[in-house]
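Here is the structure we will look at, set down as structure tokens.
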2 protein chains.
Amino acid sequence: MHISSTKNGDLIASVKTLSAVQTEVKSINRIALSVDCVIFGFDENKLKVLLIRSDLKKFHEKWSLLGDLVDPKEELDAAANRILKQRTGLDDVYLEQVRTFGGINRHPAGRVVTVAYYSLINIQHHKLKILDNELHWHDVNDITELAFDHKQILDISYEQLQRRVQEHPLAFSLLPKKFSLRELQNLYEAILDTKMDRRNFRKKFFAMDFLIDLNQMEQDVPHRPGKLYNFNYNKYEKKKKKWIGIDF
Amino acid sequence: MHISSTKNGDLIASVKTLSAVQTEVKSINRIALSVDCVIFGFDENKLKVLLIRSDLKKFHEKWSLLGDLVDPKEELDAAANRILKQRTGLDDVYLEQVRTFGGINRHPAGRVVTVAYYSLINIQHHKLKILDNELHWHDVNDITELAFDHKQILDISYEQLQRRVQEHPLAFSLLPKKFSLRELQNLYEAILDTKMDRRNFRKKFFAMDFLIDLNQMEQDVPHRPGKLYNFNYNKYEKKKKKWIGIDF
DNA sequence: ATTTAATGTGTAAAATAAACACATTATTGG
DNA sequence: CCAATAATGTGTTTATTTTACACATTAAAT
């Protein structure tokens, strides 16, 4: 016995049927599912995204996100991690689902629904992996178009990154383990596309308690070197605000 | 010619193949896709969610979200809207994707990846539709378990609602067109599960410019009636903050 | 030794959030 | 009709957070 979705029929029936019997979904109702990864990096004080060249004729010379089909026996997160591992060689990577894009004609190969993830990696840590010139780190703010609906996916992922980075200490994944406050500020300025006051920025981060002063200095900088810090995630605890601000 | 995903193989190959040729994805790589709707309502000063009784043996007596399979020719948003229309009779409803849940064993019928949506509706507007006692409005805070992974979906949707409601004026969808400030505050207190100061709350909302004083009073209340207001979405414009707050 | 280009630091003003109390109004019940 | 009740409606003060702003210090380069 098979289960079918009833697009215009009675929902109760189909829900009950789907729930009621432990059986397979009809093949005709299945859809190709892919994962696309928006891999952010940070280099030369710019926020970058890792893209692969599309050689599809229709998208000639366009770049696209890194994606692959999800295996029916594979977790979604596992699929995203697999792509990251294959692409960057990195295993322990900040990874977060953005949302799912399901436009009917978004992919020329037919109906392919894709789950977007973004991840934050330190470019230095896998620099050697990109020998392939099909892959390239692009400045996020220079990208005007991509293959398929990937520009839209990038835009929404970038917006989500900007929001999340202000609420959670994720951005540190983009930096080397030891970093100066200037590097940290450059990172935030790149992500949020804004300039900040240095004194206020430092005040803010010192007030939080998870920057560890390493008592080391930057090396090989052509000016007075800054102190180096470490990020200690263990010290981070989400604040609980008394007043729930309503702000729109 | 078909395209296959190569779970452990070379990603470049599979991506290129998927991009390169306009052809169908192999049937074996397709996955059942469903949409589950977390339909929020507001009644008796409580935040409610609309649930359907699951009659699956394994989930005997458990409640579940309203969902259905996505038709391969159907947009994701369209599928969610279809469920809402069938369930509540309402067409113009606030609807937002939450995220996708793809656990391998989340559904007893096999691999079913589900895209969660939440929506906000005014319970009064479709009260007559729920004659079916398979459907019931539950207090969100009373729910301890649901069928499948629906409790997790509910929790994450609820968290997203709480976040969004503080940044965008969505909550008005849950109220009648005319409402008093007390009703508005009760709503926010229910959603955010907190108590607020009445004077500060009023100050906050009057400072924004989209509450229209209707010069009407509440009727049939057993106390001094409050003024009635209207929400004017047109007057809402997202503020642009100078300083990008980093707050975690 | 001088120049250069950055780091490092404190304070005051402005804006926002939070705490707080009393008079007013319509309804209800005696 | 009058008193009691239960809500609405309103302003000010304090605390906290955000913002703006300037000068001395340090190491490297010349």
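Every chain is numbered from 1 and lettered A, B, ... according to where its sequence line falls, protein lines coming before strand lines.
- A/Tyr229 pairs by the ring pair (Phe, Tyr, Trp, His ring centres under 6.0 Å) definition with A/Phe206, not counting sequence neighbours.
- Annotation: of the two residues near DNA chain D, B/Ser180 and A/Pro222, the 5′-most nearest-nucleotide partner is B/Ser180.
- Atom pair A/Met196:CE and D/dA20:C1' shows a separation of 15 Å (rounding to whole Å applied).
- Rounded to a whole Å, the CG atom of A/Asn45 is 11 Å from the P atom of C/dA6.
- Annotation: side chain of A/Leu51 is not in contact with side chain of A/Leu135 (no heavy-atom distance under 4.5 Å).
- Between A/Phe210 and A/Phe231, the ring planes lie perpendicular to each other; the angle is over 60°, past the 30° to 60° tilted range.
- Straight-line distance from the CD atom of A/Glu218 to the P atom of C/dA6: 11 Å, rounded to whole Å.
- Using modelled atom types and a 3.5 Å distance limit, the side chains of A/Asn81 and A/Tyr117 yield no donor-acceptor pair.
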Inset, instruction - Go along nucleotides 9-14 of chain D 5' to 3' and tag each nucleotide: B for a protein heavy atom under 4.0 Å from its base, S when only backbone or sugar atoms are that close, - otherwise. - result: BBBB--
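- B/Asp43 has no carboxylate O lying under 4.0 Å from a charged side-chain N of B/Lys48, or vice versa, which leaves the two without a salt bridge.
- In terms of phosphate contacts, A/Lys204 brings a side-chain nitrogen or oxygen within less than 4.0 Å of OP1 or OP2 of D/dT18.
- Computed from coordinates, the B/Glu183 CD to D/dT8 C1' distance equals 13 Å when rounded to whole Å.
- Whole-Å rounding puts the B/His223 NE2 to D/dA4 C1' distance at 16 Å.
- A/Phe179 is linked by a ring pair (Phe, Tyr, Trp, His ring centres under 6.0 Å) to A/Phe172, counting only residues two or more places apart in sequence or in another chain.
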